[in-house]
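Down below is the structure, laid out as structure tokens.
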Amino acid sequence: MRKFWIPVTGLAACLAGCSSEPAVTRDPTGQPAVLRLSGVVPLGVVLDAKAPIQRGTVPSDTAVRLMVRARARTDADARLCGVIVSRSRAQVVLPWGWPVDSAAPRLALRFITEGDVQGVRFVVPGADARYVFEGVTRDGARQVSVAWPVTAGPIAVGAADSVIEAVLMPSPLTLDSIVRALSLGDAVIPPLPAASADSVVAPPQAVLNVRPLPVYEAHLSPACPVATMAIPSVARVDQLVKMPVDSGDVITADALVTDGAVRLGFDEAGPIPETRDRQSFPHASIVATTTGVLTLRVRVIVLPKVQAFQQVVYLKLQKSR
């Protein structure tokens, strides 16, 4: 692995012309690709092929249950990628296809990560209980939203996800299969974007991620090549972030803390430099030379009795080529 250590005293802005926006996915004829439902689709869902918004309905009901539209590059959209990448279960506000009470419980939360659409689904309980899915297409160009009414008898407080899924009608597993049936067909998927010089860490785009052990995941992909996490940290205790990579992938990390210093370093590039002046190393980058998993160490350094022992690190991760 090749390493780059850059001490930074400020946050650099994106240089002119840099971009992490995905290219447009096109079908074999060169036209922008549309999502289609493939195979046997449960509940008779039909998806139109109209642009710019595709809508899915069932023959017995005119209500729109499924919607596909271009992603809006907002803080909420960035948080959706943060949830998908980090597998966080935090109740953050997402770019909802239909209004959702962000404070309502999210039951039977699961991630759908295979196929041409990836995202998070859960059930919002109550008188108007419904299945909710929010995700993005594999090319990163579109957002996919599903909102489907579900019914059930009384459910015990604290019931396991499997119990909740078993009593709901229609089953969340059945509705999951509709999401998995969405396909880009023979469309050519754009690769990872070129490296971006944008190192600005934006806390409003961060997704809180709390783990019982200080080991985190980051599944960056062409759909979500950039994600920002908010990681609770204790001074001088390394937080580990594991990232699957292919040979040639470039992983860039930038961090921000409100107090003290933060040091980033990849295990594959050697130990984090130790300095007496508590110098920050809030930037680290590495080029993967093999396919596998990279480990990023995040360490907070504070001045005892002066700076807070516990901090939240805002960590921005990027994967490029």
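The basis for the numbers below is simple: all heavy atoms, side chains too, and nothing from hydrogens, waters or symmetry mates.
With sequence neighbours excluded, the residues forming a side chain to side chain contact (heavy atoms under 4.5 Å, CB included) with Ser183 are Ser38, Asp116, listed by chain and number. Applying the side chain to side chain contact (heavy atoms under 4.5 Å, CB included) rule to Ala72 yields the partners Thr74; only residues at least two apart in sequence or on another chain are considered. Not a single salt bridge (charged side-chain N to carboxylate O under 4.0 Å, His left out) links Arg106 to another residue, sequence neighbours left out. Shown here are the salt bridge (charged side-chain N to carboxylate O under 4.0 Å, His left out) partners of Arg321, two or more places apart in sequence or in another chain: Asp249. Under the side chain to side chain contact (heavy atoms under 4.5 Å, CB included) criterion, Val293 pairs with Lys242, sequence neighbours left out. With sequence neighbours excluded, the residues that form a side chain to side chain contact (heavy atoms under 4.5 Å, CB included) with Ala63 are Asp61, Arg65. In terms of the salt bridge (charged side-chain N to carboxylate O under 4.0 Å, His left out) criterion, Arg87 has no residue partners (sequence neighbours excluded).
Taken from CZ in Arg142 to CG in Leu184, the straight-line distance is 5.5 Å, to the nearest 0.5 Å. Summarising the geometry, atom CZ belonging to Phe266 is positioned 4.5 Å from atom CG belonging to Leu296; distances are rounded to the nearest 0.5 Å. Considering CG of Leu66 and CG of Leu182, their distance stands at 5.5 Å, rounded to 0.5 Å. Taken from CG in Leu80 to CG in Leu94, the straight-line distance is 5.5 Å, to the nearest 0.5 Å. With rounding to the nearest 0.5 Å, the separation of OG1 in Thr113 from CD1 in Ile84 is 10.0 Å. Put simply, OG on Ser285 and CG on Leu264 are 11.0 Å apart, with the number rounded to the nearest 0.5 Å.
Inter-residue side-chain proximity for Glu268 and Ile286 is flagged as met; some heavy-atom pair is nearer than 4.5 Å. Annotation: side chain of Val144 is not in contact with side chain of Val179 (no heavy-atom distance under 4.5 Å). Side chains of Thr291 and Val245 form no contact here, defined as non-hydrogen atoms less than 4.5 Å apart. A heavy-atom distance below 4.5 Å is found between the side chains of Trp96 and Ser102. Considering only heavy atoms from C-beta on, Trp148 comes within 4.5 Å of Val45 through its side chain. Taking 4.5 Å as the limit, some side-chain heavy atom of Ser145 sits within range of a side-chain heavy atom of Arg69.
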### Query
Would Met243 and Thr295 satisfy side chain to side chain contact (heavy atoms under 4.5 Å, CB included), going step by step from the backbone distance to the final call?
CA-CA 6 Å; Met243 290 168 280; Thr295 300; over 6 Å; no

### Query
Should Arg138 and Ser221 be marked as a side-chain hydrogen bond (donor to acceptor under 3.5 Å, both in side chains) after you check the CA-CA gap, both sets of side-chain angles, and the distance that decides it?
CA-CA 8 Å; Arg138 186 158 55 96; Ser221 68; over 6 Å; no

### Query
Can you list the steps and then say if Gln54 with Asp48 is a side-chain hydrogen bond (donor to acceptor under 3.5 Å, both in side chains)?
CA-CA 6 Å; Gln54 294 180 257; Asp48 65 37; 4.9 Å; no

#### Entry: Val92/Val83 under side chain to side chain contact (heavy atoms under 4.5 Å, CB included): CA gap, chis, key distance, verdict
CA-CA 9 Å; Val92 297; Val83 168; 3.7 Å; yes

### Query
Given the rule in the side chain to side chain contact (heavy atoms under 4.5 Å, CB included) test, do Asp77 and Asp75 qualify, once you have shown the distances and angles that lead to the verdict?
CA-CA 5 Å; Asp77 175 78; Asp75 288 346; over 6 Å; no

### Check against side chain to side chain contact (heavy atoms under 4.5 Å, CB included), Val64 and Trp98
CA-CA 10 Å; Val64 176; Trp98 289 267; 3.8 Å; yes

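The closest donor-acceptor contact from the side chain of Ser86 to the backbone of Gly82 lies under 3.5 Å.
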Show every donor-acceptor pair shorter than 3.5 Å between a side-chain atom in residues 119-129 and any protein atom, with sequence neighbours excluded, or say none if there are none.
from	atom 1	to	atom 2	distance (Å)
Arg121	NE	Asp176	OD1	3.0
Arg121	NE	Asp176	OD2	3.1
Arg121	NH1	Ala108	O	2.5
Arg121	NH1	Glu165	OE2	3.1
Arg121	NH2	Glu165	OE2	2.8
Arg121	NH2	Asp176	OD2	2.8

Identify all side-chain donor-acceptor contacts of residues 251-261 below 3.5 Å with residues at least two apart in sequence or on another chain.
from	atom 1	to	atom 2	distance (Å)
Asp254	OD1	His283	ND1	2.7
Thr258	OG1	Gln311	OE1	3.4
Asp259	OD1	Gln307	NE2	3.4

Mind listing the side-chain donor-acceptor pairs of residues 226-240 below 3.5 Å, one per line with the distance, residues two or more places apart or on another chain?
from	atom 1	to	atom 2	distance (Å)
Ser233	OG	Ile231	O	3.2
Asp238	OD1	Arg299	NE	2.7
Asp238	OD2	Arg297	NH1	3.1
Asp238	OD2	Arg299	NH2	3.4
Gln239	NE2	Val237	O	3.3

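Pro172 and Tyr131 make their closest contact through O-CE1, 3.6 Å (heavy atoms, listed as atom of the first residue, atom of the second, distance).
For residues 197-265, the set of pairs meeting the disulfide (SG to SG under 2.5 Å) definition, not counting sequence neighbours, comprises Cys81-Cys224. The list of salt bridge (Lys or Arg N to Asp or Glu O under 4.0 Å) pairs with a residue in residues 200-217, not counting sequence neighbours, reads Arg211-Glu217.
Screening Leu47, Leu43, Val117 against Ile178 for a side-chain contact (heavy atoms from CB on, under 4.5 Å) leaves a single residue, Leu43.
Note: the hydrophobic cluster containing Val136 does not contain Leu37 (ILVMFWY, side chain heavy atoms under 4.5 Å, direct or indirect links).
Checked by atom type, the side-chain pair Asp198/Ser196 shows no donor-acceptor distance below 3.5 Å.
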